[in-house]
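To start, the structure itself, in structure tokens.
We count ligands from 1, going down the list as the structure has it; atoms in each ligand are counted the same way.
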Amino acid sequence: QIAALKGTKQGRLRLGVVSTAKYFVPRVLGHFCQQYPGIDIALQVTNHATLIQRMHDNQDDLYILSQPPEDLALSTQPFLDNPLVVVARQDHPLAGEKNIPIKSLAGEPFIMREQGSGTRLSVQKLFERYKVAVKVRLELGSNEAIKQAIAGGLGISVLSQHTLIAEQLMGELTILDVQHFPIHLRWYVTHLEGKQLSIIAETFLQFLLENSNHVPLLGTLALQSGTLLGNHQG
Ligand code: PGA
């Protein structure tokens with residue numbers, strides 16, 4: 001049945017993903033569409049809270065996020081690591097240091113994602129656990145804007161390592177080797193348990209599970225804390 005899909009137009013795949021997943025999902029979709037060129041795709045990129053709302057409203061076939069909600073009956077599978085790392089400008093005084101105590105971040109000007117962001121939830125949980133008070137200088141609703149703000153000298157932040165693939169920032173930013181980082185999150189693909197998946201959604205789900213290890217960059221982006229991204233060969 002799946003073989004019959006190849007080359008034929010069978011309708012539409014509706015995907016909802018959190019903001020940090022947009023750095024790899026389109027590439028996977030590209031490979032998928034090469035095999036199944038007839039499929040239309042609607043890809044919604046939102047933050048964690050908005051994605052949960054979309055789930056409640058049954059708006060998409062499949063969802064990709066790293067913190068699936070516990071109050072919804074879901075069928076959920078992990079498929080890829082999603083490390084959250086401390087990102088600073090390359091000339092930050094702590095750049096290049098090894099095993100920086102988390103307390104050293106106290107008082108650092110910090111750029112925080114907006115309310116409703118899953119990244120923010122994870123970061124706040126870790127800082128609360130180790131009683132670290134950073135100085136939130138600015139809140140931004142975009143990972144791209146946060147990277148620009150770090151490059152502009154406004155502070156440090158914690159971002160999914162997957163956000164660090166933008167070529168133009170290579171060399172300007174660095175990952176700080178801070179204790180208790182990276183925060184080890186994983187990507188999950190999930191759908192409402194009671195939902196009968198379309199053949200297209202089912203096919204994409206299998207494709208994602210089988211192919212996410214081959215996503216260029218992700219396989220080679222081993223965490224190299226303290227290494228200038230500009231020097232990273234990969
Ligand atoms: P965010 O979600 O884009 O809301 O920060 C990321 C995540 O859930 O991992």
Legend entry - Lys125/Glu128 salt bridge by N-O under 4.0 Å criterion: no
Legend entry - Ionic contact status for Arg120 with Glu139, cut-off 4.0 Å: yes
Legend entry - Polar side chain donor-acceptor pair, Glu108 to His92, under 3.5 angstrom: yes
Inset, instruction - Verify the distance criterion only: is there a donor paired with an acceptor across the side chains of Asp60 and Gln44 at less than 3.5 Å? - result: no
Inset, instruction - Go through the steps for Leu126 and Phe181 under the test side-chain contact (heavy atoms from CB on, under 4.5 Å), then give the verdict. - result: CA-CA 9 Å; Leu126 190 78; Phe181 285 92; 3.3 Å; yes
Inset, instruction - Anything under 30° is parallel, anything over 60° is perpendicular, the rest tilted; go ahead and classify His162 against Trp187. - result: tilted
Does ligand 1 have any N/O atom under 3.5 Å from a protein N/O, and what are those pairs and their distances?
| unit_1 | atom_1 | unit_2 | atom_2 | d |
| --- | --- | --- | --- | --- |
| ligand 1 | 3 (O) | Ser19 | N | 3.2 |
| ligand 1 | 3 (O) | Ser19 | OG | 2.4 |
| ligand 1 | 3 (O) | Arg113 | NH1 | 3.4 |
| ligand 1 | 3 (O) | Arg113 | NH2 | 3.2 |
| ligand 1 | 4 (O) | His48 | N | 2.7 |
| ligand 1 | 4 (O) | Gly118 | N | 2.8 |
| ligand 1 | 5 (O) | Arg113 | NH1 | 3.2 |
| ligand 1 | 5 (O) | Arg113 | NH2 | 3.4 |
| ligand 1 | 5 (O) | Ser117 | OG | 2.8 |
| ligand 1 | 5 (O) | Gly118 | N | 3.2 |
| ligand 1 | 5 (O) | Thr119 | N | 2.9 |
| ligand 1 | 5 (O) | Thr119 | OG1 | 2.6 |
| ligand 1 | 8 (O) | Ser66 | OG | 3.2 |
| ligand 1 | 9 (O) | Ser66 | OG | 2.2 |

